[in-house]
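Worksheet for the structure shown next.
The model shown is predicted, which means the values in this text are computed figures rather than measured ones. To find a chain, count down the sequence lines: A is the first, B the second, and so on, and within it residues start at 1.
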Amino acid sequence: MIDKVVQNVDEAVRDIPDNVTIMFGGFVSAGSPTSLILALQRKGVRGITGIANNIGLGDRLDALCEKHQLKKMIASFAIRASGGRQSLFEQQFRAGEVELEVVPQGTLAERIRAAGAGIGGFYTPTGVGTPVEDGKERRTIDGRDYLFEQPLPADYALIKAWRADRMGNLIYRGGSRNFNVPMATAAGFVIAEVDEIVETGDLDPEHVVTPGIYVDRVVVGAHEQIRWFA
Amino acid sequence: MIDKVVQNVDEAVRDIPDNVTIMFGGFVSAGSPTSLILALQRKGVRGITGIANNIGLGDRLDALCEKHQLKKMIASFAIRASGGRQSLFEQQFRAGEVELEVVPQGTLAERIRAAGAGIGGFYTPTGVGTPVEDGKERRTIDGRDYLFEQPLPADYALIKAWRADRMGNLIYRGGSRNFNVPMATAAGFVIAEVDEIVETGDLDPEHVVTPGIYVDRVVVGAHEQIRWFA
Amino acid sequence: MPIQGLTRDLIALRIARDLHDGMTVNLGLGLPTLVANFIGSDVQVIFQAENGILGYGGVLEEDFDQDFINAGGQPVSINPGASFFGSDASFAMIRGGHVDVSVLGGLQVSAKGDLANWLVPERGGGSIGGAMDLAVGARRLIVAMEHVTRTGEPRILRRCTYPLTAQRCVDLIVTDLAVIEVDENGLLLRETAPGVSAAEIQALTEAPLRLVPNLRPMSL
Amino acid sequence: MPIQGLTRDLIALRIARDLHDGMTVNLGLGLPTLVANFIGSDVQVIFQAENGILGYGGVLEEDFDQDFINAGGQPVSINPGASFFGSDASFAMIRGGHVDVSVLGGLQVSAKGDLANWLVPERGGGSIGGAMDLAVGARRLIVAMEHVTRTGEPRILRRCTYPLTAQRCVDLIVTDLAVIEVDENGLLLRETAPGVSAAEIQALTEAPLRLVPNLRPMSL
């Protein structure tokens, strides 16, 4: 029987080497793989290129900045608009200690989906006439301008769901699907942190959101409270 | 309160004019909007450009050929590989009475999704070096060849789900999602045939597959048995 | 005496008047979030949060559940008829034109309806979030902002000096002083804040304003 | 005496031997469908049907439910751990390389591994279905077909004469006479049907075959 369950988050990330690209699911407090991130911190993986919707909004990704484990972030939201308290990431970015590539959120999601879906690239109207256009092909299709965007894959994806079965089928709660859903399809190796594991067959096939074939390892995480103090 | 329910399938299709493009959900027997198709036949809408995965495989789309209501079909599967019994569509196609554009199934699904997702076009590896490439741009991306494919929208989509609420939220059964899911997003006006309508709030938000904002009209259809005698 | 404009709540209230029964609406961070508080009980608006929720309700003060949040990270209730989906599906919905109205904050708007709202060059960095996709994807874009900067400089300009969020995307600007429509010929002053004259508004607006014949105070 | 090749069932059985525990497999229409009947009870293969089912089981003879069908329209049972999805997600899965093995029928295969399986030019029309996407998307493509046409013409050719399904996509050809691997140098004869010689197979194959040193009869 297919069984992808591992015993703890440290075992789940045991073989992630330095200098890889890692996707992190989650949107602020919802669906962030916090226990896996903290395991990555404990393991001390370095030279990470991270892909996530956000960093430093209460999420624990900021913890990877404590010992400079991040080389670069690709994100849609990393610097607060208001001039308030700066995250560790923002401080290091402003000090030139970490790189940041800012990608529109919809383009980020679609590039990740494209990587998982075997699409070689696509045209989006998002970003035309903005700094996002720099270095990209612009094409007029049926009288409207679009930018060419390329797929964005990763070596690993760390994602968070609510429940998994032993085959890795996942279901979520509320707004926690967000980037977890496309990221599950777009990385070479996918590790899912969940609140609960059930036996294969206990999830209704009609309700499965991420099919198990996308998931390589499943682990129960500690429930970490996150709140964005905006 | 938002209420998209209409009383019968004839009322549901009452204002579909001649010479429009109509998507039809379904895959052989699963999720075909049979009652709506038969209502379209009764209404006698003519000059239809149809978009569907298949025609003439036991589905009732073939009924639209009886009085030559179809001008053209865009489909992935319309002519049987074996030389057996021909559908009405196949007879008319071979007699030059109806046009056929054959599209690879995955490209058809992705073009429909692109139309619903505001994507101006995309590159797929499917069809390179085949007759599907005719007239299309080929592009090499990261050493692999792709074809440029454009979005495929429609004026109407007739789809089939299992249950709807009054806001048009839809859930499906088994393999009946197929083309119904992307088509719901890609047409100017979407009519959903269902087996059962429930009150808004009776569907668990975690289980909704097609959000109600994509659906304009909901109607209970007669349960028509379809079986493909391959 | 400085001109007395609308409060943030009143700007939100004025925008809420433009949201009608059955509309799908996305509210951006900050001021736009307040719009949800002013929807009449007889009007059923479906709020979309780009993190993957369609049909959320009010912001919750307690019982915080971190999986049920709007795009600003605030805990929200879920209305009957709601649904959840991933970010790829959410932005397919936004970019595909299935959101009727997007309300975004603004730093600058140009006479052509260009919007700049994600980067103050002096601060650097900048966060795009979902704003660029919402600006190009929503059928109608309403920008909610203060009419001038904290130092009194106009925000409604002939051309934006800040990096753009999107070109020619704004349909309506609602500020503490005015309601301004963007059409193919430029900016049209439709409504004024109570007690504020068209001349006073033009003086605080770099881009030229045309006046509608029936110019009137905002109905609040 | 005509050469006695494998039955369709035995071709399917030979292909089933190549499917291992935990693999995700898509079976095309016709002969490939039969492969599901020969998976050992100790091997857990996940069958994907491109109409949007992952994890279907056997073909059902009765209790026909038209919503639960494989891509050939046959009613199927659903295994524990299954899931359902739309055609866009299904082909994202296929094109994205998440299906380990695709088994397709064939009309012609070339020495370079080109496949033609959707159009007999003399008949016209033709139906592509999911074949083109499966041929480019699956990590490994096995073609199941009769070694020669009904009139005895080779199907394994230097170049395909029929319109292609995809270029350089075939990894393994299993016919009633032989198991042939496609590598960068062409075709490699790995196994022969019981009682059939390599010379007999070459005589019925237009493309040149190299022989593996340990050429052996198929183990069935």
I'd like to know which of Gly118(A), Ala186(A), Gly168(A) tops the heavy-atom pair count under 4.5 Å against chain D. Gly118(A)
Could you state the interatomic distance from CG (Leu54(D)) to CD1 (Ile213(A)), rounded to the nearest 0.5 Å? 5.0 Å
Once you leave out hydrogens and angles, what donor-acceptor pairs under 3.5 Å do chain D and chain A share?
{"unit_1": "Gln44(D)", "atom_1": "OE1", "unit_2": "Ile2(A)", "atom_2": "N", "d": "2.8"}
{"unit_1": "Gly81(D)", "atom_1": "O", "unit_2": "Asn169(A)", "atom_2": "ND2", "d": "3.0"}
{"unit_1": "Arg95(D)", "atom_1": "NE", "unit_2": "Ala117(A)", "atom_2": "O", "d": "2.8"}
{"unit_1": "Arg95(D)", "atom_1": "NH2", "unit_2": "Ala117(A)", "atom_2": "O", "d": "3.2"}
{"unit_1": "His98(D)", "atom_1": "NE2", "unit_2": "Gly116(A)", "atom_2": "O", "d": "2.8"}
{"unit_1": "His98(D)", "atom_1": "NE2", "unit_2": "Thr185(A)", "atom_2": "O", "d": "3.3"}

Would you mind checking which part of Leu203(A) comes under 4.5 Å of any heavy atom in chain D, side chain (CB onward), backbone (N, CA, C, O), both or neither? neither
Taking all non-hydrogen atoms of both residues, which atom of Val208(A) and which atom of Ala82(D) are closest, and how far apart? CG2-O, 3.9 Å
Contact winner vs chain D - Ala115(A), Gly212(A), Gly201(A), Gly116(A), heavy-atom pairs under 4.5 Å: Gly116(A)
